[in-house]
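One is the number of the first residue; the rest follow in order along the sequence. What you see is a predicted model, and the numbers here were worked out from it, not measured in a lab.
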Amino acid sequence: YNMADTYFVGQTQDPLQVAAVSLANPIFVMFLAISQLLGIGGSAMISIFLGGNKRKFAKQSSSFACYASLILGAIFGLLIVIFMDPILKLLGATKETYQFSKDYLFYIAIGGPFVLFSNAFGHVIRGEGAAKASMIGGMIGTIINIVLDPILILYLKMGTAGAAIATVIGNIAGTLYY
């Protein structure tokens, strides 16, 4: 997602917008890390329980990964919105990059539950033995992001906000698929 966002924001020929996407990237990576913790951890537990013929515990592990990703996404998204200014300052935003960074980070934060769920659940369903479904869900989000990026960033001139919105819509599509 970030690579596609950076590429299409780069097509605006505005280095400040490219810098803004890069400045906000650690937050997106944090969302991915949390989703991988829940998804890969949940996947391992599901596989162990299914291998031990403990379907009830496998379902509970899947449910935990599902609800934890949604709840943590909402909590972290809310915290990011509330503490946007100090977070951007900590990430190194300058007065020139601040608004672009804020536009990008705001939508990523609002989409936090979908980013976490979509990425975590790809791992969870792979742990349940549905590798093809996992791949399809991941590709749906990526393709939608790549298609929407030029439309929102370049055609509708939404810049970094458009990049973040495309990323969130891609993750919403992945979430709906799963």
Yes or no on side-chain contact (heavy atoms from CB on, under 4.5 Å) for F100 and V9, after CA distance, side-chain angles and deciding distance? CA-CA 11 Å; F100 296 127; V9 168; over 6 Å; no
Begin with the C-alpha distance, continue with both residues' side-chain angles, and end with the deciding distance and a verdict on side-chain contact (heavy atoms from CB on, under 4.5 Å) for I165 and L148. CA-CA 9 Å; I165 292 168; L148 289 178; over 6 Å; no
- Query: For F121 and S62, what are the C-alpha separation, side-chain angles and deciding distance, and is it a side-chain contact (heavy atoms from CB on, under 4.5 Å)?
  - Reply: CA-CA 9 Å; F121 235 66; S62 179; 3.8 Å; yes
Query raised in the report: What's the verdict on side-chain contact (heavy atoms from CB on, under 4.5 Å) for L70 and L116, showing C-alpha distance, side-chain angles and the deciding distance?
Result: CA-CA 7 Å; L70 292 171; L116 263 69; over 6 Å; no
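In this structure, CZ in F117 is found 12.0 Å from CD1 in I71, a value given to the nearest 0.5 Å. One distance of note links NE2 of H123 with CD1 of I46; it measures 12.0 Å at 0.5 Å rounding. Here CG of L88 is found 9.5 Å from CD of Q99. Values are rounded to the nearest 0.5 Å. Rounding to the nearest 0.5 Å places CG of N25 at 9.5 Å from CG of D5. K54 contributes atom NZ, which lies 9.5 Å from atom CE of M45 (distance to the nearest 0.5 angstrom). To the nearest 0.5 Å, the span separating CE on M30 from CG on L32 amounts to 10.0 Å.
Residue V29 is not grouped with residue V21 when hydrophobic side chains (ILVMFWY) are merged at heavy-atom distances under 4.5 angstrom, including chains of intermediate members. There is a path of hydrophobic side-chain contacts, each under 4.5 Å, that joins Y155 to F8. Follow the hydrophobic side-chain contacts under 4.5 Å out from L105 and you reach Y98 in the same cluster. One hydrophobic cluster holds both I82 and Y107 under the rule that ILVMFWY side chains link at heavy-atom gaps under 4.5 Å. By the rule that hydrophobic residues join a cluster once side-chain heavy atoms approach within less than 4.5 Å of another member, I34 and L79 end up as members of one cluster.
Under the ring-ring contact (aromatic ring centres under 6.0 Å, His included) criterion, the residue pairs touching residues 29-55 are F49-F57, with sequence neighbours excluded.
A side-chain N or O of N119 and one of N171 form a donor-acceptor pair less than 3.5 Å apart.
Side chain of Y178 to backbone of S134: a donor-acceptor contact under 3.5 angstrom is found. No donor-acceptor pair under 3.5 Å is formed between the side chain of S63 and the backbone N or O of Q60. Of the possible donor and acceptor atoms, none in the side chain of S118 sits under 3.5 Å from a partner among the backbone N and O of V115.
When every heavy atom of S43 is checked against every heavy atom of R126, the shortest pair comes out as OG-C, 4.5 Å. Residues L154 and K157 come closest through the heavy atom pair O-NZ, 3.4 Å. Here the closest heavy-atom approach between residue L23 and residue T97 is recorded as CD1-OG1, 3.5 Å. For the residue pair A120 and L38, the shortest heavy atom distance occurs at CB-CB, 4.4 Å. Here the shortest heavy-atom pairing between A24 and Y104 reads CB-CD2, 3.4 Å. In this structure, I153 and G162 approach most closely via the heavy-atom pair CG1-C, 4.1 Å.
Atom OH of Y7 sits in a sparse spot, with 12 or fewer heavy atoms from other residues, nucleotides or ligands closer than 6.0 Å. Heavy-atom neighbours of F64 CZ from other residues, nucleotides or ligands within 6.0 Å: at or below the threshold of 12.
Every residue was checked against the ring-ring contact (aromatic ring centres under 6.0 Å, His included) condition with F114, not counting sequence neighbours, and none meets it.
For the side-chain hydrogen bond (donor to acceptor under 3.5 Å, both in side chains) test with T167, the passing option among N145, D149, T142 is N145; the others fail.
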